[in-house]
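Heads up: the structure comes next, in structure tokens.
Reckoned from all heavy atoms, side chains included, excluding hydrogens, waters and symmetry mates.
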Amino acid sequence: MSDTTALRDLPAYEAARGEADHPHSAVVRFGADKPLALDAGGVLTPFQIAYQTYGTLNAARSNAILLCHALSGDQHAANVHPVTGKPGWWETLVGPGKPIDTERFFVIASNVLGGCLGTTGPSSTNPATGQPYGLDLPVVTIRDMVRAQTMLIDHLGIEKLLAVVGGSMGGMQVLQWAASYPERVFAAMPIATAARHSAQNIAFHEVGRQAVMADPEWRGGRYLTEGTSPRRGLAVARMAAHITYMSDSSLHRKFGRRLQDRDGHTFSFDADFQVESYLRYQGEAFVDRFDANSYLYVTRAMDYFDLAGEYGGVLANAFRGTTTRFCLVSFTSDWLFTTADSRAIVHALNAAGAQVSFAEIESDKGHDSFLLDEPEFFAITRGFIDSAARAVGVS
């Protein structure tokens with residue numbers, strides 16, 4: 001029996017908890033000689049980053065692509081997830097012969113700082129106490145996440161990335177990479193994202209955080225130490241968030257007002273409708289693989305993201321003089337990160353004189369479109385990555 005199979009035989013929550021310190025993926029640990037400076041002040045040391053790689057790094061070290069994951073993602077982009085046993089979250093896009101072709105490119109995916117699948121986060125063990133960090137971990141930002149990723153890329157001996165690609169929160173990381181380290185990014189593909197989090201999106205996140213913190217099992221963030229779990233609160237947070245990832249038309253197409261395994265209304269508060277049952281399932285599945293405090297930290301990182309704020313309030317200043325080439329993608333039914341959000345980035349890039357292309361894809365699948373079967377998106381990604389590869393001489 002493999003380690004991964006044995007892991008999946010454990011109760012899911014216990015398996016996920018074990019991933020915090022000893023993940024089923026590669027790990028690089030940084031000691032006191034390599035502290036990570038944080039936007040909140042001070043440094044984090046020691047800390048670790050969990051990551052996966054796919055494909056082979058070429059002799060010139062010029063074919064590396066970094067994938068940046070969204071809020072609920074992790075490093076398992078194109079392999080079977082060790083906790084859930086499900087396919088990787090971007091297996092539609094990444095793999096042999098796929099738009100991000102692992103037979104040609106060396107693809108890297110890491111768990112973000114503040115996460116719960118092996119990169120230092122609130123469920124990781126605090127070396128100062130021997131207990132999980134909980135809320136003792138400093139609040140982290142998107143820029144902190146990217147700083148940590150640069151240390152991973154340095155560790156892998158890669159001077160310049162062929163491309164950085166990501167959607168949603170991953171797209172925020174792509175933009176931060178391009179702004180902070182333009183000399184290290186040949187091509188950047190921010191998908192279904194924005195240069196700052198909107199008031200509406202901050203509001204949605206606050207509802208989710210309050211659901212977690214209102215659960216009596218949250219215990220002021222000390223639930224791991226006290227042997228409890230705020231499952232109900234986190235499930236409600238996930239249910240609310242999941243609605244924002246879909247569109248009205250996709251919910252109607254999938255569920256309409258159809259009843260769940262019954263002929264009529266029960267006149268109770270059971271899940272009469274299929275959509276209710278679906279949301280409950282999404283909430284319950286999420287709590288088995290994701291840490292509640294990580295949910296607080298990662299949503300807060302997104303809330304704080306405002307790239308223009310780092311550059312005098314002018315977004316174009318973030319990209320002034322850049323040689324990175326950009327491709328932005330939005331989806332018509334995405335009301336979480338709208339086409340207007342992407343156009344604002346495109347306008348800033350044009351003002352900065354950057355090389356940029358933009359595509360708005362017709363889809364009724366909402367924000368999650370970038371994770372689903374969207375042939376036009378696949379074709380655009382393949383074309384952009386292939387063009388970048390040709391430009392740097394990657395065969």
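- At a threshold of 4.0 Å, the pair D154-R184 counts as salt-bridged, since one of the basic side-chain nitrogens sits closer than that to a carboxylate oxygen.
- Of the N and O atoms on the side chains of Q75 and S25, at least one donor lies less than 3.5 Å from an acceptor on the other residue.
- For F331 and H367, the ring centers sit 6.0 Å or farther from each other.
- Side-chain N/O atoms of S62 and N58 include a donor and acceptor closer than 3.5 Å.
- A donor-acceptor pair is defined here as one N or O able to donate and one able to accept, closer than 3.5 Å; no such pair exists between the side chain of S168 and the backbone of T193.
- Qualifying side chain to side chain donor-acceptor pair (under 3.5 Å) partners for T225, counting only residues two or more places apart in sequence or in other chains: none.
- Of the possible donor and acceptor atoms, one in the side chain of Y54 sits under 3.5 Å from a partner among the backbone N and O of A78.
- Here S123 contributes atom OG and Y223 contributes atom OH; the two are 7.0 Å apart, rounded to the nearest 0.5 Å.
- Residues passing the side chain to side chain contact (heavy atoms under 4.5 Å, CB included) test with D21 are R17, S124, T125, sequence neighbours excluded.
- Around atom CZ of R104, more than 12 heavy atoms belonging to other residues, nucleotides or ligands sit under 6.0 Å away.
- Contact record, A20 with Q48: O-NE2, 3.8 Å, taken as the closest heavy-atom pair.
- Using modelled atom types and a 3.5 Å distance limit, the side chains of T299 and R209 yield a donor-acceptor pair.
- Checked for salt-bridge contact, D39 and R143 meet the test: a charged N lies under 4.0 Å from a carboxylate O.
- At least one donor-acceptor pair closer than 3.5 Å links the side chain of T150 to the backbone N or O of R147.
- Atom CG of N111 sits about 5.5 Å away from atom CG of L117, to the nearest 0.5 Å.
- A donor-acceptor contact shorter than 3.5 Å links the side chain of S333 to the backbone of K365.
- If you look at F255 and Y278, their ring centroids are closer than 6.0 Å.
- Among Y304, F204, F305, F337, the one residue that satisfies the ring-ring contact (aromatic ring centres under 6.0 Å, His included) test with H197 is F337.
- Checking D306 against Y311 by side-chain atom types alone, no donor-acceptor pair falls below 3.5 Å.
- F286 CZ to R231 CZ: the interatomic distance, rounded to the nearest 0.5 Å, is 12.0 Å.
- Rounding to the nearest 0.5 Å places CG of L44 at 6.0 Å from CG of L113.
- The heavy-atom pair separating L57 from L156 by the smallest distance is CD2-O, 4.3 Å.
- Note that the CG atom of L152 and the NE2 atom of H155 stand 7.0 Å from one another [nearest 0.5 Å].
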